[in-house]
Enquirer: 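I'd like to ask you about the structure that follows.
Naming convention: chains lettered A, B, ... in sequence-line order (proteins, then strands); numbering from 1 in each chain.
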Number of protein chains: 2
Amino acid sequence: MNQKDFLTNIAFDSVVFGFSGGSLKILIMEYHNTGFFALPGGFVQRNENLNDAVRRGLKERTGLDNIYLEQFYTFGDTARYKPEIMQTILESSNYSLEKYEWLLDRFISVAYYALINYKEVVPQPDALSDSCEWYDIDALPPLIFDHADIVAKALQTLRDNLDRKLVGINLLPARFTMNDLQKVYEAILGEKIRRTTFQRKMLSLEILKRHEKQYLGKAHKAPYLYSFED
Amino acid sequence: MNQKDFLTNIAFDSVVFGFSGGSLKILIMEYHNTGFFALPGGFVQRNENLNDAVRRGLKERTGLDNIYLEQFYTFGDTARYKPEIMQTILESSNYSLEKYEWLLDRFISVAYYALINYKEVVPQPDALSDSCEWYDIDALPPLIFDHADIVAKALQTLRDNLDRKLVGINLLPARFTMNDLQKVYEAILGEKIRRTTFQRKMLSLEILKRHEKQYLGKAHKAPYLYSFED
DNA sequence: TTATTATTGTCACAAATTGAGACAATAAAT
DNA sequence: ATTTATTGTCTCAATTTGTGACAATAATAA
């Protein structure tokens with residue numbers, strides 16, 4: 001992690017969405033001995049595409065390749081520049097302030113959101129952090145810098161894109177019921193959806209393939225399973 | 001324009017849309033003695049918000065404050081890094097390669113689009129360029145770097161946002177006819193719109209204020225003028 | 001075996017939105 | 001007074017969406 005390997009003044013942050021227990025969650029890192037919470041992020045190598053840098057960072061945090069990923073905004077206000085916070089983080093991990101002085105400079109951050117299947121992930125902390133864990137989107141800890149703004153804008157963008165792109169599928173396992181899918185939509189939108197209208201709309205898109213029924217031993221009709229990829 | 005005044009490795013580019021003669025146009029710069037064409041852009045001062053930097057750049061090119069402006073994507077592929085082009089531009093304007101060596105570094109560019117009233121603008125070249133002129137969106141010269149991609153994505157984003165935000169109004173004078181507005185929509189979408197449906201939809205939004213009729217001496221019924229702001 | 005229960009898939013009809021054209025009302029020219 | 005081109009509005013059809021009804025299950029309880 002040497003300064004000359006990386007572009008200066010530019011960083012990225014990722015809002016990694018997962019779905020579990022009926023609610024939407026994101027990954028949050030906690031730095032050693034500081035009580036500071038932040039989005040997972042990183043820096044761009046000099047010979048690396050920006051998008052590839054973000055995928056590299058996500059691979060380190062989640063172990064996953066081929067993640068659904070979307071860039072949504074670049075945050076560049078001077079108000080987000082708070083070197084004293086980064087200094088505390090470095091000092092708390094006994095990092096040399098001389099060697100890592102470049103981290104105390106101002107950064108403009110390109111923000112992405114990712115959608116992943118919660119069950120496939122075992123979140124991994126990095127060298128500076130104690131933990132990388134799922135937090136319910138409605139119960140986040142206080143975040144450093146402007147990361148709360150980044151999360152809010154990620155969620156807003158996800159909502160705006162929900163109809164246009166059928167992105168909700170990326171939060172589910174390969175096979176899911178119509179009710180599973182509806183729960184994802186409700187968690188993202190933060191409101192209840194009418195069952196019959198939702199089912200009709202999803203089926204009319206003609207991109208869901210219907211498979212065998214899912215028998216769960218419940219005292220009622222068993223639902224079909226669906227998948228996205230043919 | 002000293003390196004230490006600016007953030008390194010980060011730039012911005014602006015796609016400035018105007019509407020004239022029934023078609024959509026954007027501002028393009030041509031660099032001295034090179035035959036190179038590019039989008040207007042610039043760099044971010046160390047103590048300046050990113051968005052403010054873009055507005056500062058637009059003010060220099062157009063003379064306008066309070067421009068409708070939207071960030072839409074950040075371009076960070078390594079393939080866009082072509083120092084030989086920038087070197088040619090600097091040499092052709094007799095700039096010292098030593099002093100401006102930082103301009104030969106790799107830049108990640110945050111792209112914005114702006115919508116302005118064509119008639120209010122007298123485009124201004126900068127120190128490196130011969131001209132800053134309007135080009136029809138369908139007849140652009142070949143652009144350097146990935147600027148053609150940036151234009152394409154700007155237009156796509158503008159189209160996607162057209163219904164959600166009634167942005168077309170920013171391309172027109174303060175008072176306009178329904179037909180003027182329809183022509184703007186048609187130029188952006190690249191297709192004809194049904195007159196009665198369009199009129200009904202615009203009026204149903206209830207954000208247009210109707211004013212006196214516009215008598216142009218034509219042998220038919222005169223249209224009403226409308227404005228956006230109260 | 002036969003109800004009972006909860007949920008699913010689909011249909012039917014109403015309500016709302018959009019598509020498409022008809023038509024009267026102009027301003028100015030003939 | 002008639003003609004011409006365009007505008008504002010209306011009507012009806014077509015499509016989409018909202019809302020509830022209802023039969024078809026799987027398992028449970030009787």
Enquirer: Applying salt bridge (charged side-chain N to carboxylate O under 4.0 Å, His left out), name anything that partners B:Glu206, two or more places apart in sequence or on another chain.
Expert: none
Enquirer: Report the residues that fulfil salt bridge (charged side-chain N to carboxylate O under 4.0 Å, His left out) with A:Asp138, sequence neighbours left out, ordered by chain and then residue number.
Expert: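 For A:Asp138, no residue satisfies salt bridge (charged side-chain N to carboxylate O under 4.0 Å, His left out) once neighbours in sequence are set aside.
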Enquirer: If I take atom CD in residue A:Gln214 and atom C1' in nucleotide C:dG9, what distance separates them, rounded to the nearest angstrom?
Expert: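 One finds 15 Å between C1' of C:dG9 and CD of A:Gln214, rounded.
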Enquirer: Could you list the residues that satisfy salt bridge (charged side-chain N to carboxylate O under 4.0 Å, His left out) with B:Arg55, not counting sequence neighbours?
Expert: none
Enquirer: Can you check the A:Leu203 CG to D:dT16 P distance for me, whole Å?
Expert: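 One finds 16 Å between P of D:dT16 and CG of A:Leu203, rounded.
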Enquirer: Going by an N to O cut-off under 4.0 Å, is there a salt bridge joining B:Asp149 and B:Arg80?
Expert: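 Result for this pair is no, no salt bridge flagged.
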Enquirer: How many whole angstroms separate atom NE2 of B:His211 from atom P of D:dG8?
Expert: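 Computing the B:His211:NE2 to D:dG8:P distance gives 14 Å.
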Enquirer: Listed by chain and number, what are the side chain to side chain contact (heavy atoms under 4.5 Å, CB included) partners of B:Asn33, not counting sequence neighbours?
Expert: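 Applying side chain to side chain contact (heavy atoms under 4.5 Å, CB included) to B:Asn33 gives B:Ser92.
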Enquirer: Can you tell me how far C1' of C:dG9 sits from CD of A:Gln182, to the nearest Å?
Expert: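 Between C1' of C:dG9 and CD of A:Gln182: 13 Å.
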Enquirer: With rounding to the nearest 0.5 angstrom, report the CD1 to OG1 distance, A:Ile67 to A:Thr62.
Expert: 3.5 Å
Enquirer: Among residues two or more places apart or on two chains, list those pairs meeting salt bridge (charged side-chain N to carboxylate O under 4.0 Å, His left out) that have a residue in residues 106-122 of chain B.
Expert: none
Enquirer: Classify every nucleotide of nucleotides 19-26 of chain D by which part a protein heavy atom approaches to under 4.0 Å, writing B for the base, S for the sugar-phosphate alone and - for neither, in 5'-to-3' order.
Expert: BBB--BBB
Enquirer: Return the value, rounded to whole Å, for the distance between atom OH of A:Tyr224 and atom C1' of C:dT10.
Expert: 11 Å
Enquirer: The criterion is ring-ring contact (aromatic ring centres under 6.0 Å, His included); which residues satisfy it with A:Tyr81, sequence neighbours excluded?
Expert: none
Enquirer: Rounded to 10°, tell me the angle between the two end axes of the helix from C:dT1-D:dA30 to C:dT30-D:dA1, each built from five pairs.
Expert: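 Axis-to-axis angle, ends of the helix: 30°.
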Enquirer: Expressed as a whole number of angstroms, how long is the span from A:Phe198:CZ to C:dT8:P?
Expert: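 Spelled out: CZ on A:Phe198 to P on C:dT8 is 12 Å.
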Enquirer: Which residues satisfy the ring-ring contact (aromatic ring centres under 6.0 Å, His included) test with A:Phe107, sequence neighbours excluded?
Expert: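 Here the qualifying residues are A:Phe43.
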Enquirer: Which residues pass the salt bridge (charged side-chain N to carboxylate O under 4.0 Å, His left out) test with B:Lys183, not counting sequence neighbours?
Expert: none
Enquirer: Holding to side chain to side chain contact (heavy atoms under 4.5 Å, CB included), I want the full list of residues that pass it with B:Arg194, two or more places apart in sequence or in another chain.
Expert: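 Scan of B:Arg194 (side chain to side chain contact (heavy atoms under 4.5 Å, CB included), adjacent residues dropped) gives B:Thr196, B:Thr197.
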Enquirer: Under 4.0 Å, heavy atom to any atom of DNA chain D: which of residues 185-192 of chain B qualify?
Expert: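 Per residue number, the list is empty: none.
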Enquirer: How close or far is atom C1' of C:dT10 from atom CE of A:Met202, stated in whole angstroms?
Expert: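 One finds 17 Å between C1' of C:dT10 and CE of A:Met202, rounded.
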